Each structure stands twice: as structure tokens, then as C-alpha cells.
Amino acid sequence: MYFIGVDLGTSAVKLLLMSEDGTVEKIVSKEYALSFPHPGWSEQNPSDWWTQSIAGLKELTEECDKSQIAGISFGGQMHGLVILDENDEVIRPAILWNDGRTMEETDYLNNVIGKEKLSKLTGNIAFAGFTAPKILWVKKHEPENFARIHKLMLPKDYLAYRLTGVSSTDYSDASGMLLLDVEHKCWSKEMMEICSVKEEWMPKLFESYERTGSLLPEVAKELGFPESCIVAAGAGDNAAAAVGTGCVGAGKCNLSLGTSGTIFITNGKYGVDPYNALHSFAHADGNYHLMGCMLSAASCNKWWMEEILKTGDFAGEQKPIDERDASGHLGENHVYFLPYLMGERSPHNDPQAKGAFIGMSLDTSRADMLQAVFEGVAYALRDSLEVARNLGVAPERTTICGGGAKSPLWRKIVANVMNLKVDTVEVEEGPAYGGAILAAVAAGVFANVEAATEKIVHVKDTTEPTPELVEKYQKCYEKFVRMYPALKEVYKTI
């Protein structure tokens, strides 16, 4: 049997074909447009997701025995607002996770409704990227669109709906809407009242590894798949990536260096960060997790290379830092980078934050600045790790995934900045691989998510911190943590 994982990302959909023993048979990616109609806005057309996903599914399976395709599931960009009318037509472009238009709505929820109440109802406070503030924005600024709402969906769930005709979501993705009672795994009636949301608009809730339906006959016919092919609920991208790296069960940690960056720490039981710096979400394995999310991670490196240096030679630009590493001079950079190119979420919750280089002088080199980008992302991830440590959650090792994780240098910097053993796994395919694993669990190939990852996810390499470099980076980090507070008021004037 074969299982398909669909990673609905911000710039492309990535589709992965996996056999039941965990072997990746084929991967296909299909890009689509990202729109910025106003400064700070970020939107996409859900029909582009569907068109490219169908094209990708056809290409992915053109050489395999399609009769053996047994299941499909997802990892998807979180928090996006997709609204459908009574005819199942998309009312307006989806408002994405990295959209910053909802400052007023976020302030209203946090300061008028109150952070304490939000945390009690949902386990979280409002962040600009969450779904609930977007709903309030549509109600205020596009009342004609709000009046037409018949269904509310998250991005990956729009694909699932088109495949099955079932309006569904999973607990991990729903946790980031600010409409879910995360502790009790049900929609919060009070939050829906606050946001003027009708319960009949909401999708049915499932665990990530549960079957939500099977392919509609017309979809199965178009793809050439059996109608018996099941569809599992899937998970938010970070929870799916955690499954793909084996970060399931209690006490595990995963770092993601993708477009955004996350630190994902599993809990066997529900818990809330009293500082509201980390998110308290449900996990795809049926348990819970704490998560810190920074909005710009590997995208900082992409911006630096492509927009500033105008080069695609990422490896070539890194060579001077590799040489510096070989001569033992990491941890001595005098340049610092604040990686807030899209504002920041965890732990600052500040959409107005901006990126900045600090400490440049006449002898500053390109290598210094690139190294500062790598280090700045690592320092910002450590900010969230320190919150977890203050809560008594102190992992000693972590898996790592995402495009940035392919750099041995960046892994070394992360290991020493955060003082963690950093494991890479044999299959580094993130949410798409996690989605395929969830489909296999839903089909009954594995008893549960933990059993699946124990069998098919394996560590291939570990980057260990060294005491000397950990000490150097500790001193650097102590300087870094003073920079955002010093600039916070300045950001408001820019």
C-alpha cells in the first residue's frame, strides 16, 4: 500500500508518496502565488492550492500502481482564514498566518476581552496571525463578506473538503484559531460568541490520525485512485513535522528552520505557559505540546542572499564562515541580527518589530553579516526555549527539520547557542512525511502514532554542543536579549 502526505506550504504544496514501511517513493512540489495587496498583508487564492495539489497528485502517482493508494493526509500552514458561502464558493482570498493587519483586533481581544480570560477559554492569548482576529477584521472591514459566511476553514482543511465533501479539522491545527478549548478539545462557545461565529460554520473536530472520509467518486475518477482511499484529518505544519521527525510522546523536542521557525516541546498532559509567550496546543499524537514560533527563520537567509546579495550561491557565501569555524572562531562575531522581518510572535508578540543589524563597523565583512543571520535566528529560538526552561521544561536534545537544517554550520550554531544535542533524521521531509505517517495510522497499518514513528523514523546524525563554544555563545546571547527591549519603542515610530 501507498500513503500520500500533502504539505500545504506558504509558497508551494509538497506531495510525498510513502510505502507502508516508511520508504519515500517520490516527492513533487507545485508552486503558487503569494499576494501582498497592502503593506503587512499576506493572502492566497485557495483555488490555486486545489489546482496545484491535483496536478501534483497526478504527477506524484503517474508511475505507481494507483490501486494501491490507501490513504492521504496533510500538514498545512496554520491560522489561515478560508471562508465559503452557501454554494461552497470561496468568498475572498485566504488571509494567511503571516498577515499582520489585525493589530486592532488583537489588542481588543487581549486588552478588552482580556488575556486571562482568553487563556482560560483557549489556553492561549491573541496573536496577530491567529484566525479569530482575522474573523473580527472581516466583520469590521468587509461586512458584506462576513454576512455571506456559511463555512469557516483552515487552509489544509479546504483541500480535505474538496477531496471528501466533509468539513473537518484536527485538534492541532484548530488550536491556533483561538476558537478551540484546547484542554477539553471542543469549540469554545464563549469564544465563538465573542467573535460572532456560528457553531454551524465550524468543521467537525478529529484527532490528526483519524479517518474523516474517503475520496468523492468524481475526485477518485479524475485521479485514478480507488474510492476506498481514505483521508485522515492531518495536522498543522509544525505538529506534522514533529511526527515526521519522531517528536511524539512526552518530553521530546523538535526545531523547525523553515520559512518560519519553531521550537516544539511535547507534553503528555495539558499545560499553559503563564507568561503567554508559548502556545499551548494539541499535538497530532493525541497529546499536547508547547510551541514557540518566530515568523522569519530560514526566510531571513533567503532574504539576505537573494534580495540583498542578489545571489543563489548559498553554499559559496557560507564558505568563509566554514573556514572561520574550522579555525575555532565561531562565537566571536561582533555583528548581531534581529530576525524580525515580518514582525515577531514568540515570545514578543509584536507585529511592529523589524529586522536590524547591530554592531557593524568599517571592518565588518559579508561573512560577519551572514553569520549574524544564522546566529540571530538561533538566539531568537533560544528566547522561546528559555521560557520553557523557566517553566521547568528543559530538554537535553532536539530533532531538527526544515530547509535551514540542511546546513551543518547552522546546526552547529543552533546546538551551541541553545546548548542542545541536535539530531537529524534519515528522512528529512517535514510535514509531508508526517502527513503520510498519519494516513498510515488512520488506515490501520500502525496501532498509533508513537508505534509508527518508532518503527520508521531513525536518527542518522547528531551535532553535539561543546563547552567552550556554549560559553562563548552564552555571553553573546546575554547581549542579544538586551537589543529588542532597547528598540521596542523605536519600532512603533517606524
Side-chain angles (χ1 to χ4, degrees), residues 78-81 97 100 102-137 139 152 154 169-197 199 202 205 235-236 238-239 250 260 262-284 286-295 343-353 383-394 488:
M78 297 179 69
H79 316 304
L81 175 64
W97 62 275
T102 63
M103 285 181 58
E104 289 184 8
E105 291 75 19
T106 302
D107 288 343
Y108 164 75
L109 288 168
N110 284 332
N111 300 322
V112 178
I113 302 301
K115 292 181 179 179
E116 185 176 347
K117 186 171 185 176
L118 296 179
S119 186
K120 182 179 179 181
L121 293 174
T122 72
N124 298 277
I125 62 171
F127 288 78
F130 278 13
T131 316
K134 296 180 173 79
I135 296 169
L136 291 174
W137 185 92
K139 180 184 177 184
L152 271 173
L154 292 163
T169 192
D170 75 288
Y171 296 114
S172 74
D173 211 358
S175 295
M177 296 181 77
L178 206 68
L179 295 172
L180 185 76
D181 178 341
V182 176
E183 180 179 11
H184 300 105
K185 292 189 173 181
C186 62
W187 296 120
S188 167
K189 294 185 183 298
E190 194 165 350
M191 280 306 302
M192 288 192 291
E193 289 175 6
I194 290 167
C195 297
S196 301
V197 170
E199 190 161 5
M202 303 304 291
L205 290 159
N238 292 296
S260 60
T262 59
I263 178 167
F264 187 108
I265 304 174
T266 62
N267 276 342
K269 59 183 180 179
Y270 174 76
V272 176
D273 166 23
Y275 308 104
N276 297 126
L278 302 181
H279 308 319
S280 297
F281 286 172
H283 190 10
N287 294 306
Y288 296 91
H289 70 274
L290 292 173
M291 184 174 74
C293 177
M294 56 185 295
L295 296 181
E344 190 54 298
R345 206 151 100 191
S346 305
H348 303 308
N349 194 14
D350 186 356
Q352 293 179 308
D383 281 344
S384 290
L385 177 61
E386 289 304 315
V387 175
R389 285 171 170 161
N390 288 336
L391 295 173
V393 180
K488 183 176 181 179

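Bear in mind that the values here come from a model prediction, so they are computed numbers and not experimental data. Just so it is clear, the values below take in all heavy atoms, side chains as well, and ignore hydrogens, waters and symmetry mates. All residue numbers refer to positions in the sequence shown, counting from 1.
- We find the CG-CD1 distance between Asn111 and Ile125 to be 9.5 Å, quoted to the nearest 0.5 Å.
- Closest non-hydrogen pair, Ser172 versus Ala284, comes out as CB-N, 4.3 Å.
- Asn349 and Ala126 get closest at one heavy-atom pair: ND2-O, 3.3 Å.
- Put simply, the side chain of Val272 does not reach to within 4.5 Å of the side chain of Glu183, judged on heavy atoms.
- At a threshold of 4.5 Å between non-hydrogen side-chain atoms, the residues Leu179 and Ile135 count as touching.
- The backbone N or O of Glu344 lies less than 3.5 Å from no partner atom in the side chain of Asp350, so there is not a single donor-acceptor pair.
- One N or O on the side chain of Thr106 and one on the backbone of Thr102 form a donor-acceptor pair closer than 3.5 Å.
- Separating the CE atom in Met191 from the NZ atom in Lys117 is a distance of 9.0 Å, to the nearest 0.5 Å.
- Put simply, the side chain of Lys185 never gets that close to the backbone of Leu205: no donor and acceptor are under 3.5 Å apart.
- Listed by chain and residue number, Glu199 satisfy the salt bridge (Lys or Arg N to Asp or Glu O under 4.0 Å) test with Lys189 (two or more places apart in sequence, or in another chain).
- Using modelled atom types, no side-chain atom of Thr262 and backbone atom of Phe264 make a donor-acceptor pair closer than 3.5 Å.
- Between Asn267 and His289, the closest side-chain pair of non-hydrogen atoms is not below 4.5 Å.
- The structure places OG1 of Thr122 at 8.0 Å from CG of Asp181, a figure rounded to the nearest 0.5 Å.
- Tyr108 contributes no side-chain N or O that, together with a main-chain N or O of Pro133, makes up a donor-acceptor pair within less than 3.5 Å.
- For Glu386, the salt bridge (Lys or Arg N to Asp or Glu O under 4.0 Å) partners two or more places apart in sequence, or in a different chain, are Arg382, Arg389.
- Judged by distance alone, with hydrogens and angles left aside, the side-chain atoms of Asn124 form a donor-acceptor pair with the main-chain N or O of Ser280 at under 3.5 Å.
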*Would you sort out whether Leu391 and Asp273 count as a side chain to side chain contact (heavy atoms under 4.5 Å, CB included), showing the intermediate values?*
CA-CA 7 Å; Leu391 295 173; Asp273 166 23; 3.8 Å; yes
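- Residues that satisfy the ring-ring contact (aromatic ring centres under 6.0 Å, His included) test with Trp137, not counting sequence neighbours, are Trp41, His141.
- At least one side-chain heavy atom of Trp187 sits less than 4.5 Å from a side-chain heavy atom of Leu180.
- Side chain of Ser175 to backbone of Ala282: a donor-acceptor contact under 3.5 angstrom is found.
- In this structure the side chain of Met177 reaches within 4.5 angstrom of the side chain of Met202, judged on heavy atoms.
- Contact annotation: the side chain of Glu105 never approaches that of Phe130 to less than 4.5 Å [non-hydrogen atoms, C-beta and beyond].
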*Step by step, would you call Thr131 with Leu154 a side chain to side chain contact (heavy atoms under 4.5 Å, CB included)?*
CA-CA 9 Å; Thr131 316; Leu154 292 163; 3.8 Å; yes
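- For the atom pair CG of Asn276 and CG of Leu118, the computed distance is 8.5 Å after rounding to the nearest 0.5 Å.
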_Between His279 and Phe127, is the side chain to side chain contact (heavy atoms under 4.5 Å, CB included) condition met? List the steps._
CA-CA 10 Å; His279 308 319; Phe127 288 78; 3.5 Å; yes
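- For the pair Gln352 and Met103, the minimum side-chain heavy-atom distance is below 4.5 Å.
- Atom CD1 of Ile263 sits about 7.0 Å away from atom OG of Ser384, to the nearest 0.5 Å.
- Rounding to the nearest 0.5 Å gives a distance of 14.5 Å between OH of Tyr270 and CG of Asn287.
- Here the side chain of Ser346 pairs a donor or acceptor atom with the backbone of Cys293 at under 3.5 angstrom.
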*asked:* Evaluate Leu136 against Leu109 for side chain to side chain contact (heavy atoms under 4.5 Å, CB included), listing each step before the verdict.
replied: CA-CA 10 Å; Leu136 291 174; Leu109 288 168; 3.9 Å; yes
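- With a 4.5 Å cut-off on side-chain heavy atoms, Ile265 and Leu278 do not count as touching.
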